[in-house]
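Predicted model only: the values in this text are computed from it and were never measured. We use all heavy atoms of the structure for the numbers below, so side chains are in, but hydrogens, waters and symmetry mates are not.
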Amino acid sequence: MPELPEVEAVLRTIRPFVEGRTIVRCRVLHPIAVRPSSGRGAKRVAAMLTRMLPGRTILRTERRGKYLALILDRGAIAMHFRLDGQLLWFDTAETKGHVDVALQFDHGTLGFVDPRHFGRFQLEDSIDQTPGIRDLGIDPLLSEFTAERFAELLAASARPLKIFLLDQNKVAGIGNIYSNEAMWHARLSPLRRAHDLNATEVRRLHKSIVDVLGRALECCLRPAPDFRDPNWWFQGLEKILRVYGREGRKCRRCGDRIARTAQGGRSTFWCKRCQK
DNA sequence: CCTGCTACCTGATGGC
DNA sequence: TGCCATCAGGTAGCAG
């Protein structure tokens with residue numbers, strides 16, 4: 001469940017399910033989901049979560065970049081969905097299908113689900129001190145994400161624009177889809193060096209990022225995710241996408257064929273004619 | 001410090 | 001149908 005808009009939509013939708021609720025039981029069905037990034041000790045961590053989480057109350061839910069955090073009365077749960085992770089809600093204590101971690105409340109059970117096991121569910125002392133979150137860059141939905149601040153970040157990097165946009169420690173929350181979309185809207189080549197953009201181009205890209213993420217968020221919220229449906233997914237995103245996944249098809253602006261180029265081992269979709 | 005490459009996992013899809 | 005290659009919305013760790 002990928003990038004900032006999707007995580008934000010999940011956050012807003014899950015909030016009324018869990019805020020103010022006390023965890024009754026925690027089951028770690030696939031310990032790999034709680035494995036620390038050091039790579040060892042999954043079983044031990046699973047046992048600790050099972051022991052420590054019951055009795056704790058979720059005070060509020062927050063987002064940090066693509067992380068979703070459940071702030072507890074003591075400590076916080078940090079979830080990262082990577083490519084395919086998602087949340088499910090069960091009205092009962094039982095869960096069905098693949099669930100990695102089950103947080104049971106008195107009114108139902110929240111499931112952290114990621115069959116691919118890239119995603120992570122971790123208990124931290126302090127959400128903003130945890131590795132991966134501590135160094136996150138500016139959140140593009142907040143007012144502190146200004147064109148001026150963005151210009152400073154770009155000016156300090158010689159990397160290709162696409163790679164720069166994926167760096168969570170610069171601007172937090174943009175992923176492969178919306179980096180492609182933002183560059184297309186701004187008519188900028190993904191191969192351009194970040195520090196080579198002029199002031200006009202920086203403003204164009206800044207506006208494109210804000211617009212693209214905002215439109216995607218609206219799309220993700222209507223209709224809102226239905227966590228009770230094991231097959232829920234965001235509907236209608238494809239209709240707002242202009243370049244992502246459109247290799248070989250016509251550019252919606254100039255009619256040229258959309259190209260696909262590998263950058264940093266990932267696919268960049270762009271129009272070579274109108275993105276300069 | 002920055003940069004580029006690889007590993008981590010599983011499932012879906014398409015060509016033969 | 002089976003098999004293989006390729007692809008996937010992400011990031012940490014490593015070497016240079």
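Side-chain atoms of A:Q86 and A:W232 include a donor-acceptor pair closer than 3.5 Å.
Atom CD1 in A:I177 sits about 14 Å away from atom C1' in C:dC7, given to the nearest Å. The CG-P distance, from A:L166 to B:dT3, rounds to 14 Å in whole Å. Regarding A:K162, its NZ atom lies at a distance of 16 Å from the C1' atom of B:dT3, rounded to whole Å. For the pair A:L153 CG and B:dC2 C1', the computed distance is 16 Å after rounding to whole Å. Computed from coordinates, the A:R266 CZ to C:dT6 C1' distance equals 16 Å when rounded to whole Å. Rounded to whole Å, the distance from CD on A:Q86 to C1' on B:dT10 is 14 Å. The nearest whole Å value for the distance from the CD1 atom in A:I240 to the P atom in C:dG9 is 16 Å.
Checking the phosphate oxygens (OP1, OP2) of C:dG10, no side-chain nitrogen or oxygen of A:H80 falls inside 4.0 Å. One finds no side-chain N or O of A:Q168 lying less than 4.0 angstrom from the OP1 or OP2 phosphate oxygen of C:dG10. One finds a side-chain N or O of A:S267 lying less than 4.0 angstrom from the OP1 or OP2 phosphate oxygen of C:dA8. A close approach under 4.0 Å does occur between a side-chain nitrogen or oxygen of A:K66 and OP1 or OP2 of C:dG10. Under 4.0 angstrom from either OP1 or OP2 of C:dG13 there lies at least one side-chain N or O belonging to A:S37.
Remark: the backbone N or O of A:A186 is paired with a side-chain donor or acceptor of A:R204 at under 3.5 angstrom. Looking at A:K162, its side chain does come within 3.5 Å of a backbone N or O of A:S267 through a donor-acceptor pair.
Contacts of A:S157 with the nucleic acid, taken as non-hydrogen atoms under 4.0 Å apart, are absent. Using a 4.0 Å heavy-atom cutoff across all strands shown, A:F164 reaches no nucleic acid atom at all.
If you take atom C1' in B:dG11 and the same atom in C:dA12, they sit 23 Å apart, rounded to whole Å. Straight-line distance between the P atoms of B:dA12 and C:dT11: roughly 23 Å, to the nearest whole Å.
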Next item on the list: Can you run through DNA chain C from 5' to 3' and write each base as (, ), [, ], | or . depending on how it pairs? Watson-Crick or G-U wobble, both distances under 3.5 Å.
Entry: .|||||||.|||||||
Would you tabulate the pairs of protein nitrogen or oxygen atoms and nucleotide nitrogen or oxygen atoms of nucleotides 4-8 of chain B closer than 3.5 angstrom?
unit_1 : atom_1 : unit_2 : atom_2 : d
B:dC8  : O3'    : A:R35  : NH2    : 3.4

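In this view, A:R252 and A:W184, A:R242, A:R246 satisfy the side-chain contact (heavy atoms from CB on, under 4.5 Å) rule, not counting sequence neighbours. With sequence neighbours left out, A:R273 forms a salt bridge (charged side-chain N to carboxylate O under 4.0 Å, His left out) with A:D256. Legend: residues meeting side-chain contact (heavy atoms from CB on, under 4.5 Å) with A:A156, ordered by chain and number and at least two apart, are absent. Applying the ring pair (Phe, Tyr, Trp, His ring centres under 6.0 Å) criterion to A:Y178, with sequence neighbours excluded, gives no partner residue.
Residues A:F17 and A:H107 keep their aromatic ring centres 6.0 Å or farther apart.
Side-chain atoms of A:E6 come within donor-acceptor range of the base of C:dG9, with a qualifying N/O pair under 3.5 Å.
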